[in-house]
2 protein chains.
Amino acid sequence: MDQLLDILKRNQLSVTEGRKKILELFLKSPGALAHADIEKSTDASFDRVTVYRTLQTFVEKGIIHNIPTTDNSILYALCRDNCEAGHHHDNHVHFICDVCDKTICLEHVAIPEVKLPKGFKQNQTDVVISGVCSECR
Amino acid sequence: MDQLLDILKRNQLSVTEGRKKILELFLKSPGALAHADIEKSTDASFDRVTVYRTLQTFVEKGIIHNIPTTDNSILYALCRDNCEAGHHHDNHVHFICDVCDKTICLEHVAIPEVKLPKGFKQNQTDVVISGVCSECR
DNA sequence: AGCAAAAATGCAATAATGTTGCAAATTTTA
DNA sequence: TAAAATTTGCAACATTATTGCATTTTTGCT
């Protein structure tokens with residue numbers, strides 16, 4: 001069965017052209033995507049607003065998560081594995097290349113334990129490393 | 001001697017009302033600040049543009065650094081210790097409280113070592129943890 | 001398949017955020 | 001203190017994000 005349909009149905013979402021196309025984009029792309037990337041790639045076939053709303057919906061359902069960045073851009077990436085809404089969306093490290101500017105999910109680099117001071121409750125941990133990626137060095 | 005003047009002079013910056021006021025704000029505040037926070041706290045005594053440019057200058061000089069966040073906001077925090085422009089700006093963990101929405105620099109929580117795959121060169125590492133802070137629990 | 005209800009989309013308007021050029025004001029340098 | 005250099009504020013503009021509502025599409029049911 002189609003993977004796209006599967007994901008959408010599993011999350012009780014109506015199956016629409018926009019959602020299929022955007023979800024497909026995430027499945028195909030290796031790294032993280034910015035809103036702008038998505039608009040470009042979908043070739044202006046959807047309204048900006050639809051893209052915003054679709055991304056928002058996907059985040060709420062836990063299909064994608066957003067990645068912290070140092071500039072003011074929002075990056076989205078697929079939640080691989082068994083990622084549930086409201087849970088840790090992420091247990092891998094993100095890498096931002098200073099040269100090509102791409103964000104890469106380092107799927108196999110686990111986030112280390114961090115001990116917080118007394119009184120702090122830990123929910124989600126994001127690790128973002130910048131430097132030069134293996135392509136650009 | 002005045003700490004503000006000292007910092008500005010050391011970085012070869014003209015001493016102006018705006019820079020003094022904004023720098024003072026950073027010295028006084030325990031956590032990180034967003035652009036909006038600064039505009040509010042300075043009581044609209046400066047133009048938006050001035051705030052933007054001042055922050056930009058401070059980042060370039062390595063007086064402050066920006067912190068990655070999951071939403072689309074940029075947070076700035078003072079570089080404590082001996083922080084040079086173009087270097088690691090940061091060796092501590094940042095905490096964002098889901099309740100009060102404040103960002104806190106956990107000065108005494110060191111960033112753990114992360115081993116990257118072959119070919120990746122590490123420059124700066126940011127760790128952002130969200131959850132509930134000690135005030136809000 | 002066909003129909004009603006529910007959900008999603010597109011459009012328009014609006015808000016929020018960030019940038020640029022340039023003249024006036026302030027700060028530095030000598 | 002005067003000239004040079006820097007910074008500021010204003011205005012205009014660009015980009016990015018949000019909201020309401022009518023129209024279209026999708027779903028669930030018979």
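Below, chains carry the letters A, B, ... as their sequence lines are ordered, and counting in each starts from 1. In what follows, every heavy atom counts, from backbone to side chain, and hydrogens, waters and symmetry copies are set aside. Just so you know, these numbers come straight off a predicted model, no measurement behind them.
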query = When you check the gap from the basic side-chain N to the acidic O, do A/E24 and A/K21 get nearer than 4.0 Å?
reply = no
Nucleotides bounding contact with chain B, strand DNA chain C, heavy-atom threshold 4.0 Å = C/dT17 to C/dT28
task = Considering non-hydrogen atoms only, spot the tightest contact between A/A32 and A/L75 and give its length.
result = CB-CB, 4.2 Å
task = Provide the closest heavy-atom pair for A/D37 versus A/A34 in the form atom of the first, atom of the second, distance.
result = OD2-N, 2.8 Å
ask   = How close or far is atom P of D/dG9 from atom NZ of B/K21, stated in whole angstroms?
value = 11 Å
request  = Please report the C-alpha distance between B/V128 and A/V128 in whole Å, then the side-chain angles of each, then the deciding distance to 0.1 Å, and finally whether the side-chain contact (heavy atoms from CB on, under 4.5 Å) criterion is met.
outcome  = CA-CA 8 Å; B/V128 181; A/V128 181; over 6 Å; no
Filtered N/O pairs between nucleotides 10-16 of chain D and protein, under 3.5 Å:
none

request  = Tell me which residues in residues 11-20 of chain B put a heavy atom below 4.0 Å from DNA chain C, sorted by number, or none.
outcome  = B/S14, B/V15, B/T16
message = Go nucleotide by nucleotide along DNA chain D from the 5' end; which of A/Q56 and B/T50 gets its closest nucleotide reached first?
response = B/T50
inquiry  = With a 3.5 Å distance limit and no angle check, can you tell me whether B/N11 reaches the backbone of B/L13 through a side-chain donor-acceptor pair?
reply    = no
task = Give the ring-plane orientation class for A/H94 versus A/H65, where under 30° counts as parallel, over 60° as perpendicular and anything between as tilted.
result = tilted
key: B/Y52 with B/L78, same ILVMFWY side-chain cluster at under 4.5 Å   = no
task = Side-chain contact test, heavy atoms from C-beta onward, threshold under 4.5 Å: evaluate it for B/F95 versus A/Q122 and give yes or no.
result = no
ask   = Is there a donor-acceptor pair under 3.5 Å between the side chain of B/S41 and the backbone N or O of B/I38?
value = no
query = Looking at CD1 of A/I64 and CZ of A/F26, how far apart are the two atoms once the value is rounded to the nearest 0.5 Å?
reply = 4.0 Å
